[in-house]
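Each chain gets a letter, A, B and so on, in the order its sequence line appears, and its residues count up from 1.
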2 protein chains.
Amino acid sequence: MREGPDIARIASLVGDPARANMLSALMGGTALTASELALEAGVSLPTASSHLSKLMEGGLLTLASQGRHRYYGLAGPQVAGMIEAITGVAEAVGPKRVRPGPRDAAMRVARVCYDHLAGEQAVAMLDRLVEKDILLRNDNEIRLGPSAASHFAAIGVDIDARPRRPVCRACLDWSVRRSHLAGTLGAAILDKILAEKWARREKDSRAVIFSPPGKQAFERVFLA
Amino acid sequence: MREGPDIARIASLVGDPARANMLSALMGGTALTASELALEAGVSLPTASSHLSKLMEGGLLTLASQGRHRYYGLAGPQVAGMIEAITGVAEAVGPKRVRPGPRDAAMRVARVCYDHLAGEQAVAMLDRLVEKDILLRNDNEIRLGPSAASHFAAIGVDIDARPRRPVCRACLDWSVRRSHLAGTLGAAILDKILAEKWARREKDSRAVIFSPPGKQAFERVFLA
DNA sequence: AGAATACTTCGATAGGGATCAAACCATGCG
DNA sequence: CGCATGGTTTGATCCCTATCGAAGTATTCT
């Protein structure tokens, strides 16, 4: 018998599909609420809550209460590194590499990340917004630039005046490994894209499909 | 719902105590047989066998058949890295740091690693043997030096002439994070230590306790 | 060939944990 | 204050899997 650090305990925490999904969702560095995580994991709220207590007790998560919202986040970079390592092995040994079908390709280009846009398009958009000093970025912190208010007003995107969660947030893109824009502004932009019918959501998938004219419009507004 | 690499599957493989113990035991880089791993994990042979098939199927292990012996080893450095990462988190969040009792201290000094000696004493011994060119070490590969035969004959340790497993092998020490000597030679030396009654095994523990004169004898023979 | 060793498969059991519905707290809004 | 919303707790169900004994297979030793 072998003692030492209880590695089985930690691994079994990650070993449940629901919890694994939650942890993956948190890999972006963005803290999420219990409901969001329940949605992400595909389980009911009580089940998610139970899982979250276990992850908390296991020391894998931190909790930040803001009013009636409780934001769960990864406990630290060491935990993130562990998830990374496990993900790496899973990718390597998972020869279930069904050839990336059209939907997977579409997912890389643009998809929904809970309430905002992710994928290559979203990464490019954030790059451009920072380049034009509309947003000011300092590592993972993103703030509105001086011209942000007028800019977003001009293109018809509402900036939440008194938001309950951050307006801007960097969220690490799973496929591109670079950040895209989350937060209420990210959500508002996705709303705009869907409202203008520049793109539609694929049924039962997170993929977001741009129509040809929609793509042009999006690029003119956000990538110009 | 979230797709991507099946991280829960991999994590749950590590998440069982028996399997976690096996994987920890294999972290030294030394491939072990099913019986050895069963012993290490504290389960019966059939149970161990079942776990090993699962680990194999999960792609975490490799199998090298040598006659009626089947040596299981970690599938590669990526897997080892993952175990390392999990171990790191487990150590960090495990505030169960009961102050190291006397048995734990003894474990650090000297303990049994299946059939050979591990711990500070064992690490020091390997260092000294390499320093004196009795063993020749190249990273994780250890060979007998020219004077090895006469040296070990002189101190009464038999070197297996036609061994079924390697005579020398580097095994990473859990507590010291440096290598000690495994293989048939490592086993023969442990035999010698116990036969000469320089030390005794603690009951129900891997700790090895040297008597004061035994310690002197050991140091004269192996650390001089 | 026969005995012994190393290991796996089969079968049955038992226990743990994941799940959800419903009831229960807590915070914010009007 | 009440009502709605976000979250947790409780309780009951059910499936999954870890476990071991016993029997089966393979390889080496004599």
Side-chain angles (χ1 to χ4, degrees), chain A residues 1-2 6-23 31-58 60-73 114-115 160-165, chain B residues 1-2 6-23 25 31-58 61-73 114-115 160-165:
Chain A
M1 286 259 240
R2 181 164 273 264
D6 197 349
I7 129 175
R9 177 176 153 72
I10 302 300
S12 69
L13 279 175
V14 190
D16 176 85
R19 288 193 293 262
N21 281 333
M22 292 175 170
L23 290 168
L32 299 171
T33 67
S35 337
E36 291 168 343
L37 288 166
L39 206 153
E40 198 66 52
V43 296
S44 73
L45 228 170
T47 301
S49 183
S50 155
H51 285 306
L52 289 170
S53 347
K54 281 170 189 160
L55 289 171
M56 284 295 295
E57 198 182 355
L60 265 46
L61 296 186
T62 53
L63 176 56
S65 289
Q66 287 181 20
R68 70 175 156 188
H69 294 262
R70 313 188 67 182
Y71 286 92
Y72 289 94
Y114 181 60
D115 66 354
D160 195 346
R162 201 172 55 83
R164 43 191 67 175
R165 54 189 186 119
Chain B
M1 286 256 239
R2 184 164 272 265
D6 195 350
I7 132 175
R9 176 176 154 71
I10 301 301
S12 69
L13 279 175
V14 190
D16 177 85
R19 288 193 291 263
N21 282 331
M22 291 175 170
L23 291 167
L32 298 172
T33 66
S35 338
E36 290 167 346
L37 288 166
L39 207 152
E40 197 69 48
V43 295
S44 74
L45 229 169
T47 301
S49 183
S50 154
H51 285 306
L52 288 170
S53 349
K54 280 169 188 162
L55 289 171
M56 284 294 297
E57 197 182 356
L61 297 185
T62 53
L63 176 57
S65 289
Q66 287 180 19
R68 71 176 155 189
H69 294 262
R70 312 188 67 182
Y71 286 93
Y72 289 93
Y114 181 58
D115 64 354
D160 196 343
R162 202 172 53 83
R164 43 192 69 176
R165 54 188 187 117

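Counting to the nearest Å, the P atom of C:dT5 and the CD atom of B:E36 are 16 Å from each other. Distance CG (B:L52) to P (C:dT9): 11 Å, rounded to an integer number of Å. Atom-to-atom, CG of A:N21 to P of C:dT19 comes out at 10 Å; the value is rounded to the nearest Å. Atom P of nucleotide C:dC7 and atom CG of B:L39 are separated by 12 Å, given to the nearest angstrom. Atom pair A:L13:CG and C:dG16:P shows a separation of 17 Å (rounding to whole Å applied).
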Give each protein N/O atom lying under 3.5 Å from an N/O atom of nucleotides 24-26 of chain D, with the pair distance.
none

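A donor-acceptor distance shorter than 3.5 angstrom exists from the side chain of B:S53 to the backbone of B:S49, with no hydrogens or angles considered. A:R19 places no side-chain N or O within 3.5 Å of a backbone atom of A:H51 that could act as its donor or acceptor partner.
Using a 4.5 Å cut-off on side-chain heavy atoms (C-beta onward), A:Y72 and A:T62 make no contact. Side-chain contact check for B:L23 versus B:L55: some heavy-atom pair is nearer than 4.5 Å. Proximity of A:Y71 to A:L63: side-chain heavy atoms (C-beta onward) are nowhere separated by under 4.5 Å.
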request  = Assign a letter to each nucleotide of nucleotides 13-23 of chain D from its 5' end: B, base within under 4.0 Å of a protein heavy atom; S, sugar-phosphate only; -, no contact.
outcome  = -----SSBBB-
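A sub-4.0 Å separation between OP1 or OP2 of C:dT8 and a side-chain N or O of B:Y72 is present. The side chain of B:R70 places an N or O atom within less than 4.0 Å of a non-bridging phosphate oxygen (OP1 or OP2) of C:dT8.
Recorded end-axis angle for the helix from C:dA1-D:dT30 to C:dG30-D:dC1 stands at 30°, based on five pairs per end and rounded to 10 degrees.
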